[in-house]
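Letters A, B, ... mirror the listed sequences (proteins, then strands); counts begin at 1.
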Number of protein chains: 2
Amino acid sequence: MNAPAPMLRLTTQRQVILEELSKVKTHPTASEIYDMVRKRLPRIGLGTVYRNLELMAENGMILKLEVGGTQKRFDATTDNHYHIRCARCGKVDDLEIPVFNTLTEEASTASSYQILGHHIEFTGICPECQKIQEDEYEE
Amino acid sequence: MNAPAPMLRLTTQRQVILEELSKVKTHPTASEIYDMVRKRLPRIGLGTVYRNLELMAENGMILKLEVGGTQKRFDATTDNHYHIRCARCGKVDDLEIPVFNTLTEEASTASSYQILGHHIEFTGICPECQKIQEDEYEE
DNA sequence: TATTAATAAGGAATCATTATCAGTATAATA
DNA sequence: TATTATACTGATAATGATTCCTTATTAATA
Ligand SMILES: [Mn+2]
Ligand SMILES: [Mn+2]
Ligand SMILES: [Zn+2]
Ligand SMILES: [Zn+2]
């Protein structure tokens, strides 16, 4: 059996991390969140940011996105939705298309895994990077 | 303008890496591939494995999977298909359901990104881990 | 209030990956 | 074939993201 989950306290640090993450739609990395939070809590440690993001993700308060790139990203919007990542600059945006709940059922019949969920990651070039590419082509 | 892409030589190392990767369906990590290849080329360096996996992925010879977990995984099957990852042991398997080509079109209309493609990652519990969980429950 | 448990901060440690570099192999060319 | 240019290897160092560890605080509870 597993140890009982410790009860989560709503510390100042935890609260500010959640507030700052909720303010943005950019799916920031841990160190980006660290920079945001540090403006309000200059003494906070990077480890604290990591620990709390991890804990909050485990408790379903936020999403931990394991998308492409070297760093994990975080999302305060917890309802299931899809993402698109720019292949050039790495930016991650939400993609506003309906979630395919049927996919999970279809996967259940096709696999011996017990399906828990799914995530779709689109890849593309963001508008800004499209412009840059056009400029490069002219040279 | 960008420098011309250097021509790829088919070195022994590159060939053996590709052959060993093609043998398995497990989506191995770089260090797992290193272990496989070392049985045939004991002097190969880990850096060589990383370098060649990267180069072959850039040239479309293999896929570099940016799925959840701490390590990248590689796949010699380059046609578009979906994956499922065990939330407990991290194993990655193919999921045999048809690819939704319509998704890319739908994403194009919903987003200002220039869509390049998409990948679906299902999450679940693999058969082996299901058994382990049952055993744990009995205790 | 005394005790216990959760948490913070800071720093060290770990792990995956990438960069550097000197020497080697291969391909192109004279 | 000899020469030259270029891609490549293997060893090692460096980097970067994340986790771990230790001590001090803080909050909850008896
Ligand atoms: Mn999102
Ligand atoms: Mn596959
Ligand atoms: Zn971009
Ligand atoms: Zn498993």
Quiz item: Among the nucleotides D:dA17, D:dG10, C:dA9, which one has an atom lying closest to any side-chain atom of A:Gln71?
Solution: D:dA17
Quiz item: Atom CZ of A:Arg9 to atom C1' of D:dA28: distance rounded to whole Å?
Solution: 6 Å
Practice problem: Would you mind telling me which residue lines up with the more 5' stretch of DNA chain D, A:Arg73 or B:Thr12, judged by nearest nucleotide? | Solution: B:Thr12
Quiz item: Is the shortest side-chain N to carboxylate O distance from A:Glu20 to A:Lys23 below 4.0 Å?
Solution: yes
Practice problem: Figure out the CD/P separation between B:Glu32 and C:dC15, and round it to whole Å. | Solution: 15 Å
Practice problem: Give a yes/no on whether any side-chain N or O of B:Arg51 is located under 4.0 angstrom from OP1 or OP2 of C:dT18. | Solution: no
Quiz item: Which part of the nucleic acid, if any, lies within reach of B:Thr11 when heavy atoms closer than 4.0 Å are counted: base, sugar-phosphate only, or nothing?
Solution: sugar-phosphate
Quiz item: Hey, is B:Glu19 close enough to B:Arg40 for a salt bridge, meaning N to O under 4.0 Å?
Solution: yes
Quiz item: Is B:Gln13 near enough to C:dA25 that one of its side-chain N or O atoms lies under 4.0 angstrom from OP1 or OP2?
Solution: no
Practice problem: Could you tell me whether the side chains of A:Asp93 and B:Tyr113 share a donor-acceptor contact shorter than 3.5 Å? | Solution: yes
Practice problem: Please report, rounded to the nearest Å, how far the P atom of D:dC8 is from the CG atom of B:Leu53. | Solution: 14 Å
Quiz item: Do A:Asn80 and A:His119 have a side chain donor and acceptor closer than 3.5 Å?
Solution: no
Quiz item: Between A:Tyr50 and D:dT18, does any side-chain N or O lie under 4.0 Å from OP1 or OP2?
Solution: yes
Quiz item: Which nucleotide sits closest to the side chain of B:Lys64: C:dT18, D:dT9, C:dA8?
Solution: C:dT18
Quiz item: Can you check the A:Leu41 CG to D:dT26 P distance for me, whole Å?
Solution: 14 Å
Quiz item: B:Thr29 or B:Leu10: which one's nearest nucleotide on DNA chain C is closer to the 5' end?
Solution: B:Thr29
Practice problem: Using whole Å, report how far CG of B:Leu55 lies from P of D:dA7. | Solution: 11 Å
Quiz item: Starting at the 5' end of DNA chain D and moving along, which residue's nearest nucleotide shows up first, A:Ser31 or B:Arg43?
Solution: B:Arg43
Quiz item: Of A:Leu46 and B:Leu46, whose nearest nucleotide on DNA chain C comes first from the 5' end?
Solution: A:Leu46
Self-check item: side-chain hydrogen bond (donor to acceptor under 3.5 Å, both in side chains) partner of B:Tyr82, chosen from B:His118, B:Glu96, B:Glu121
Solution: B:His118
Quiz item: A:Arg14 CZ to C:dA6 P: how many Å, rounded?
Solution: 11 Å
Self-check item: Whole-Å gap separating C1' (C:dG10) and CD1 (A:Ile44)
Solution: 13 Å
